[in-house]
Amino acid sequence: MAAAILPPVPDTDTAHDRPLRVRFAPSPTGSLHVGGARTALFNWLAARHAGGTFILRLEDTDRERSTPESEAEILRVLQWMGLDWDEGPYRQSERDGIYRECIEKLKAAGAVYAAWETPEELDAMRAEARANKQAPVVRGRRDHSPEEIAAFEAEGRTPVWRFAVPLPGETVIDDVIRGTVTFDHAQIEDFVVARSDGSPTYNLAAAVDDMLMDITEVIRGEDHLSNTPKQMLVIRALGGEPPRYAHVPLILGTDRKRLSKRHGAASVEELEADGFLPQPVRNALVLLGWAYDDKTTTFTMGELIEKFDVSRVSKSPAVFDMKKLEVMSGRYLRSMDEAEFADALVAWLADTGYFDGKAADAPDLARRTAPLVQRKMSRLGEYDRLAGWLYRPLDIEPEALAVLEEDVKTSIQCIGGGLGRIEVLEEFTVDAIKDALSDQLHIQGVTARTFLEPQRIAVTGQTVSTGIYESLALLGRDESVARYRATLGRLAEQWTGGE
RNA sequence: GCCCCCAUCGUCUAGCGGUCCAGGACGCCGCCCUUUCACGGCGGUAGCGCGGGUUCGAAUCCCGCUGGGGGUACCA
């Protein structure tokens with residue numbers, strides 16, 4: 001083909017000449033999914049990259065499922081991700097008059113027709129088509145006599161309005177990501193444009209909005225690919241020019257099924273609750289289906305704006321890997337400077353209610369522990385696992401106790417040895433504790449792990465925690481000694497009892 | 001069933017006919033560092049789904065198969 005061997009063909013598409021206008025159009029029927037979040041990100045980046053406009057539109061024509069709570073949550077999450085919009089949020093529920101006007105125009109133009117089929121009749125039609133290995137496309141009867149129509153009306157029936165898909169014919173999408181995609185009209189049913197109560201359906205409202213809002217490029221999930229010809233048909237019937245389309249591949253769970261709740265944290269809200277910060281979340285999402293080159297794996301927002309290009313987005317669906325997000329998140333956390341990290345940690349703990357019911361100085365304690373956990377966690381949600389023991393009385397978790405019980409005698413010797421050294425320490429500092437414990441370790445002639453692990457468990461009750469020296473220093477001598485003794489007592493009991 | 005899309009290491013991907021006996025990242029394995037869990041450093045493991053073409057030459061182009069995904073509503 002000529003385009004393949006010649007230099008880039010000059011663009012004749014008018015959409016190319018206008019400043020970029022993109023939109024993110026979620027339906028407020030739940031929290032924002034990672035797939036939706038990525039779509040929003042892609043749109044936002046495309047807009048910022050081109051100096052265009054990012055529009056937010058809530059597609060709430062389904063009154064049953066749309067909720068104000070969901071809408072508020074979506075706006076909140078978008079802001080959390082750092083995605084600000086230039087126009088909107090528009091709500092389709094507030095634009096009802098516009099859609100009805102357009103429906104009237106379509107009626108006047110003869111592009112739609114009243115269809116009287118009952119749900120049962122439609123089911124039967126589709127079932128029959130399927131049985132005959134035909135496409136289950138619905139075409140309503142348009143040849144009702146005035147008498148029949150009068151009879152329907154007498155029954156109290158009201159018709160839906162279906163789009164009269166031109167036959168024969170085809171609609172071709174020149175997709176920015178997928179290239180040319182052709183749909184034979186024979187495969188497209190006469191889709192409903194106005195419900196029997198006169199309200200617009202998604203395909204009508206979305207098409208009308210994209211046209212009227214002067215959207216130049218629609219970037220959305222691949223699940224909308226088959227809706228695209230319908231929307232193009234509507235726009236053209238209304239005398240408009242369809243925008244360019246870019247259908248991004250879906251995000252899958254590890255079982256290669258479309259990502260959903262059962263795959264774990266599938267919404268940004270959950271990611272936030274798990275203690276992921278916006279930067280790594282953005283970075284992980286943008287890399288699902290897009291790469292700048294063969295090496296770069298982390299980007300600042302500025303770099304993304306500069307480098308992002310929708311046409312480079314992959315065609316194939318990507319599996320969302322939580323582990324990778326965790327790694328990115330951990331690296332990001334470690335890259336923060338100490339104060340910045342401490343601020344983020346304390347703020348997150350406060351937001352998630354971690355300090356509720358705890359001592360008044362808990363936030364302060366958290367701040368002091370920040371440097372101890374910064375290098376150890378991959379997300380803020382791991383804080384409690386690492387440092388939670390500091391806020392509670394000693395409570396040895398079963399797993400940790402099992403470690404001590406493996407060799408009770410040695411455990412007692414190590415803990416006892418450690419206790420002997422720290423209780424006589426004059427300066428209870430990290431360095432002093434480290435020196436004393438290291439010395440004792442030498443004297444007892446066991447490996448570091450054998451000696452230090454029991455110390456950790458004795459005071460924290462956990463096998464994983466903040467560093468042992470730092471933990472002791474933070475606890476203070478009195479509390480440390482008390483915990484050593486408590487653990488020792490518990491083991492001694494077992495030792496004698498077991499004999 | 002019908003329509004559409006997709007196909008490089010386990011996962012995310014680079015690759016756009018020769019520079020690729022395929023590069024990076026995560027995972028995994030090993031070693032080192034830290035006399036602690038962790039972090040970090042170094043090394044290794046692993047892939048072009050299959051079969052036909054086209055071409056001097058194919059991961060890259062074409063066809064078929066297989067596999068995966070999406071759609072198939074008076075939901076969006």
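Order of the sequence lines sets the chain letters (A, B, ...), proteins ahead of strands, with each chain counted from 1.
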Within the 6.0 Å centroid threshold, strictly below: [X] and [Y]:
{"X": "A:Phe451", "Y": "A:His442", "value": "no"}
{"X": "A:Phe308", "Y": "A:Phe42", "value": "yes"}
{"X": "A:His144", "Y": "A:Phe152", "value": "yes"}

What integer number of Å spans the [atom1] atoms of [N] and [M]?
{"N": "B:C48", "M": "B:A14", "atom1": "C1'", "value": "13 Å"}
{"N": "B:G47", "M": "B:A22", "atom1": "C1'", "value": "9 Å"}
{"N": "B:G23", "M": "B:C33", "atom1": "C1'", "value": "28 Å"}
{"N": "B:G64", "M": "B:U54", "atom1": "C1'", "value": "15 Å"}
{"N": "B:C9", "M": "B:G24", "atom1": "C1'", "value": "12 Å"}
{"N": "B:G40", "M": "B:C21", "atom1": "P", "value": "33 Å"}
{"N": "B:G68", "M": "B:U11", "atom1": "P", "value": "14 Å"}
{"N": "B:C16", "M": "B:C3", "atom1": "P", "value": "35 Å"}

(request) At under 4.0 Å between heavy atoms, which parts of nucleotides 64-76 of chain B does protein reach? Answer with one letter per nucleotide, 5' to 3': B base, S sugar-phosphate only, - none. (result) ----SBSSSSBBB
(request) Carefully, step by step, assess A:Ser199 and A:Arg195 under the rule side-chain hydrogen bond (donor to acceptor under 3.5 Å, both in side chains). (result) CA-CA 5 Å; A:Ser199 66; A:Arg195 302 189 182 102; 3.0 Å; yes
(message) Return whichever of A:Val181 or A:Thr296 has its heavy-atom-nearest nucleotide of RNA chain B closer to the 5' end.
(response) A:Val181
(request) With RNA chain B as reference, determine whether A:Thr180 or A:Gln134 sits nearer its 5' end, using the nearest nucleotide of each. (result) A:Gln134
For [X] and [N], what is the distance between atoms [atom1] and [atom2] respectively, to the nearest whole Å?
{"X": "A:Ile177", "N": "B:U13", "atom1": "CD1", "atom2": "P", "answer": "12 Å"}
{"X": "A:Arg178", "N": "B:C3", "atom1": "CZ", "atom2": "C1'", "answer": "15 Å"}
{"X": "A:Leu288", "N": "B:C26", "atom1": "CG", "atom2": "C1'", "answer": "12 Å"}
{"X": "A:Leu333", "N": "B:A38", "atom1": "CG", "atom2": "C1'", "answer": "13 Å"}
{"X": "A:Asn283", "N": "B:A25", "atom1": "CG", "atom2": "P", "answer": "15 Å"}
{"X": "A:Phe341", "N": "B:C39", "atom1": "CZ", "atom2": "P", "answer": "14 Å"}
{"X": "A:Asp294", "N": "B:C12", "atom1": "CG", "atom2": "C1'", "answer": "14 Å"}
{"X": "A:Asp174", "N": "B:C5", "atom1": "CG", "atom2": "P", "answer": "13 Å"}

Side chains of [Y] and [X]: any donor to acceptor distance under 3.5 Å?
{"X": "A:Asp60", "Y": "A:Gln92", "result": "no"}
{"X": "A:Tyr332", "Y": "A:Thr298", "result": "no"}
{"X": "A:Asp309", "Y": "A:Ser311", "result": "yes"}

Nucleotide forming a Watson-Crick or wobble pair with [N], both distances under 3.5 Å:
{"N": "B:G43", "result": "B:C29"}
{"N": "B:G1", "result": "B:U72"}
{"N": "B:C65", "result": "B:G49"}
{"N": "B:C20", "result": "none"}
{"N": "B:A38", "result": "none"}
{"N": "B:U60", "result": "none"}

Looking at every strand, decide which applies to [X] at a 4.0 Å heavy-atom threshold: base, sugar-phosphate, or nothing.
{"X": "A:Phe183", "value": "sugar-phosphate"}
{"X": "A:Ile468", "value": "base"}
{"X": "A:Lys133", "value": "sugar-phosphate"}
{"X": "A:Ser465", "value": "base"}
{"X": "A:Arg312", "value": "sugar-phosphate"}
{"X": "A:Gly289", "value": "sugar-phosphate"}
{"X": "A:His442", "value": "base"}

Is it the case that over 12 heavy atoms from other parts of the model lie below 6.0 angstrom from the [atom1] atom of [X]?
{"X": "A:Glu303", "atom1": "CD", "value": "yes"}
{"X": "A:Glu155", "atom1": "CD", "value": "yes"}
{"X": "A:Arg392", "atom1": "CZ", "value": "yes"}

(message) Using only modelled atom types and a 3.5 angstrom limit, is any donor from either the side chain of A:Arg456 or the base of B:U36 paired with an acceptor on the other?
(response) yes
(request) Could you please name the option among B:G40, B:C3, B:G24 that lies closest to any side-chain atom of A:Lys295? (result) B:G24
(request) List the steps, then state whether side chain to side chain contact (heavy atoms under 4.5 Å, CB included) holds for A:Leu345 with A:Leu333. (result) CA-CA 10 Å; A:Leu345 174 66; A:Leu333 259 21; over 6 Å; no
Considering only nitrogen or oxygen atoms on both sides, find all protein atoms under 3.5 Å from nucleotides 27-34 of chain B and state each distance.
none

(request) Please round to the nearest 0.5 Å and tell me the distance separating atom CH2 of A:Trp290 and atom CZ of A:Arg38. (result) 12.5 Å
